[in-house]
Protein chains: 2
Amino acid sequence: MTPTTQRSGWAEQAARALTEAGYRRGGARRAILELLDEQACALSAQEIQRALGGRRRAVSRASIYRVMEELEAIGVVQRVELGQGIVRYEAVRRGPGHHHHLVCDRCGRLEPFTDAGLERAISRLSDRVPLKVSVHEIVIHGACRVCAR
Amino acid sequence: MTPTTQRSGWAEQAARALTEAGYRRGGARRAILELLDEQACALSAQEIQRALGGRRRAVSRASIYRVMEELEAIGVVQRVELGQGIVRYEAVRRGPGHHHHLVCDRCGRLEPFTDAGLERAISRLSDRVPLKVSVHEIVIHGACRVCAR
DNA sequence: GCAGAAGACGAGATCGAATCTCATAAACAT
DNA sequence: ATGTTTATGAGATTCGATCTCGTCTTCTGC
């Protein structure tokens, strides 16, 4: 097949997790997993549908939402909402690949960032909180260089 | 009037900011400001409409969304999206009152929290980021004590 | 292999939060 | 007061997300 991704085999892990959870194989799921594995940042359902329709295999909206729900349920995908009223999805990765988001509220530009200090603070916090923590999400809003001028 | 709030005069500050930005006074705005000032945590448009309809002065959906947009534009209100696909709004406060959110993904329970370490990390980060930062938002997802059992 | 059962998928209907339109009511300046 | 501008509300509209249900595919047992 294609060499697909530089970053480990997230898609393979996810596929395995699906199997273990009792799901069968399917073309839509496979296409979606491969696409998500290639992304550096979060995609909306619409973006996913377009990307898959262009190259690869077309997938219906219904399948996208359904598969995303399954992937989120088994913990390999995270929904993120970055302030434009639409839901985005991205692969959950540990270590490298794990990131958060900078959003330009004027042009909508989206950029990932990482920060060790922040992760440390969150990790410490996670133990003190009245919640069995699954994932966290940090969004920094502002004006990007172009828009701030 | 009512003693309204323990925490400074957020509503008054916001009203002043509106005036300075060239807006006139209006019943809907006033009611919304007072309601937001009393809240410990974020409210959805629907929750705002219900709360205002119950006591106080009924306000239309159109006005709620319009006023929220204005308040966000002048920086006194922040939109937050906590993962249920609906937008919530809350007063932007500095120091006490400033908080982030714990969300139970099973029952939807929403709880505010604060953490000095986190704020320090974010503040340091803000200087290094290619963005003129306005606000930040941290959401921790998990299962609350009741749901996790 | 092959047939049957169970699950995966897609097309289109449906839902509902958010937005838009436009007529009317309030606020402000003079 | 009076005219002008802005604020507000009722209802239509948009569009992302969800649901329905018939068809296609995968898997299991023979």
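Chain A is the first sequence line, chain B the second, and so forth, proteins listed ahead of strands; every chain is numbered from 1. In this text the structure is predicted, and so the values were computed from the model without any measurement.
- Listed for the A:Ser123 side chain is no donor-acceptor partner under 3.5 Å among the backbone atoms of A:Glu119.
- In summary, the aromatic rings of A:His98 and A:His136 are positioned with their centroids under 6.0 Å apart.
- Look at CD on A:Gln84: it is 16 Å from P on D:dC15, rounded to the nearest Å.
- In this structure, A:Arg66 places its CZ atom 12 Å from P of D:dT20, rounding to the nearest Å.
- Atom CD in A:Glu70 sits about 17 Å away from atom P in D:dA17, given to the nearest Å.
- If you measure from atom CZ of A:Arg24 to atom C1' of D:dT28, you get 8 Å, rounded to the nearest angstrom.
- Counting any heavy atom pair closer than 4.0 Å across all strands shown, A:Gly85 reaches no nucleic acid atom.
- Remark: P of D:dG11 and CD1 of B:Ile64 are 16 Å apart, rounded to the nearest angstrom.
- Aromatic ring orientation, A:Tyr89 versus A:Tyr65: perpendicular (interplanar angle above 60°, classes split at 30° and 60°).
- Checking B:Glu72, B:Glu137, B:Glu47, B:Glu81 one by one against B:Arg88, the salt bridge (Lys or Arg N to Asp or Glu O under 4.0 Å) holds for a single residue, B:Glu47.
- Between the P atom of D:dT6 and the CD atom of B:Glu69 lies a distance of 17 Å, rounded to the nearest Å.
- When the side-chain nitrogen and oxygen atoms of B:Ser63 are compared with OP1 and OP2 of D:dG9, one or more of them lie within a distance under 4.0 Å.
- As rounded to whole Å, 14 Å separates atom P of D:dA17 from atom CD1 of B:Ile86.
- Between B:Glu34 and B:Arg30 there is a salt bridge, since at least one side-chain N of the basic residue sits less than 4.0 Å from a carboxylate O of the acidic one.
- Separating the CZ atom of A:Arg88 from the C1' atom of D:dA17 is a distance of 15 Å, rounded to the nearest angstrom.
- Note on B:Ala31: nothing from the nucleic acid sits closer than 4.0 angstrom, heavy atoms only.
- Between chain B and DNA chain C, the heavy-atom contact criterion of under 4.0 Å yields a 5' to 3' nucleotide range of C:dA17 to C:dC28.
- In this structure, A:Ala28 reaches the sugar-phosphate backbone alone: every heavy-atom distance under 4.0 Å involves primed, P, OP1 or OP2 atoms, never a base.
- Between the base of D:dG11 and the side chain of B:Arg61 there is no donor-acceptor pair shorter than 3.5 Å.
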